[in-house]
Amino acid sequence: MPQATRKHSVTLDGHRTSISLEDPFWEALNEIALQQDQSVTRLIVKIDRERVSESMPLSSAIRIFVLEYYRKS
């Protein structure tokens, strides 16, 4: 069953950008940020800075981060 995609705006390195993710990924990102005692924006900034490839879309990097986070748990 397809998931709803929601768009959020965040500021990264001084510029606004929009990120589209499915609801389960937003929920997981919120859970991870809460567990790490940081804001979702701060976590996204960290993910953005640690991206393996500049050509990888940020939304893809976030999905991979969430997947790897829960695989390690």
Side-chain angles (χ1 to χ4, degrees):
M1 180 173 195
Q3 294 290 321
T5 301
R6 285 191 295 147
K7 190 177 279 194
H8 287 255
S9 294
V10 295
T11 301
L12 301 174
D13 293 325
H15 70 278
R16 300 280 292 165
T17 189
S18 294
I19 303 167
S20 295
L21 291 171
E22 297 76 14
D23 287 337
F25 283 101
W26 284 119
E27 292 166 12
L29 203 58
N30 277 294
E31 288 174 9
I32 295 167
L34 187 62
Q35 290 172 6
Q36 295 184 356
D37 196 30
Q38 61 183 321
S39 69
V40 172
T41 300
R42 181 165 287 207
L43 182 56
I44 292 171
V45 167
K46 177 184 175 215
I47 294 166
D48 182 47
R49 289 185 178 151
E50 294 176 358
R51 263 194 280 186
V52 175
S53 169
E54 292 274 333
S55 64
M56 176 186 288
L58 181 55
S59 57
S60 296
I62 292 170
R63 287 184 189 95
I64 291 168
F65 172 86
V66 168
L67 177 64
E68 289 178 350
Y69 182 88
Y70 283 108
R71 277 186 171 170
K72 291 177 185 175
S73 297

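All figures in this text were calculated on a predicted structure; none of them were measured in a lab. Just so it is clear, the values below take in all heavy atoms, side chains as well, and ignore hydrogens, waters and symmetry mates.
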Exercise. Please report the shortest heavy-atom distance between V66 and A28, naming the atom on each side.
Key: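 Heavy atoms of V66 and A28 come nearest at CG1-CB, 3.6 Å.
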Quiz item: Where do S20 and K7 come nearest, in terms of heavy atoms and distance?
Solution: OG-CE, 3.3 Å
Quiz prompt | M56 backbone acceptor or donor facing R51 side chain under 3.5 Å | solution =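 Yes; judged by distance alone, with no hydrogens or angles, the pair exists.
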Point-to-point distance, once rounded to the nearest 0.5 Å, from [atom1] of [X] to [atom2] of [Y]:
X: E54; Y: D48; atom1: CD; atom2: CG; result: 7.5 Å
X: I44; Y: I62; atom1: CD1; atom2: CD1; result: 4.5 Å
X: L29; Y: T41; atom1: CG; atom2: OG1; result: 9.5 Å
X: Y69; Y: L43; atom1: OH; atom2: CG; result: 9.0 Å
X: I32; Y: F25; atom1: CD1; atom2: CZ; result: 10.0 Å
X: S39; Y: L34; atom1: OG; atom2: CG; result: 11.5 Å

Quiz item: Are Y70 and F65 connected in a single hydrophobic cluster, I mean Ile/Leu/Val/Met/Phe/Trp/Tyr linked by side-chain heavy atoms less than 4.5 Å apart?
Solution: yes
Quiz item: Do other residues, nucleotides or ligands put more than 12 heavy atoms under 6.0 Å from R42 CZ?
Solution: no
Quiz item: Is the number of heavy atoms from other residues, nucleotides or ligands within 6.0 Å of CZ (R16) greater than 12?
Solution: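 Yes, enclosed.
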Practice problem: Evaluate the side-chain proximity of H8 to L21: yes if any heavy-atom separation is below 4.5 Å, no if none is. | Solution: no
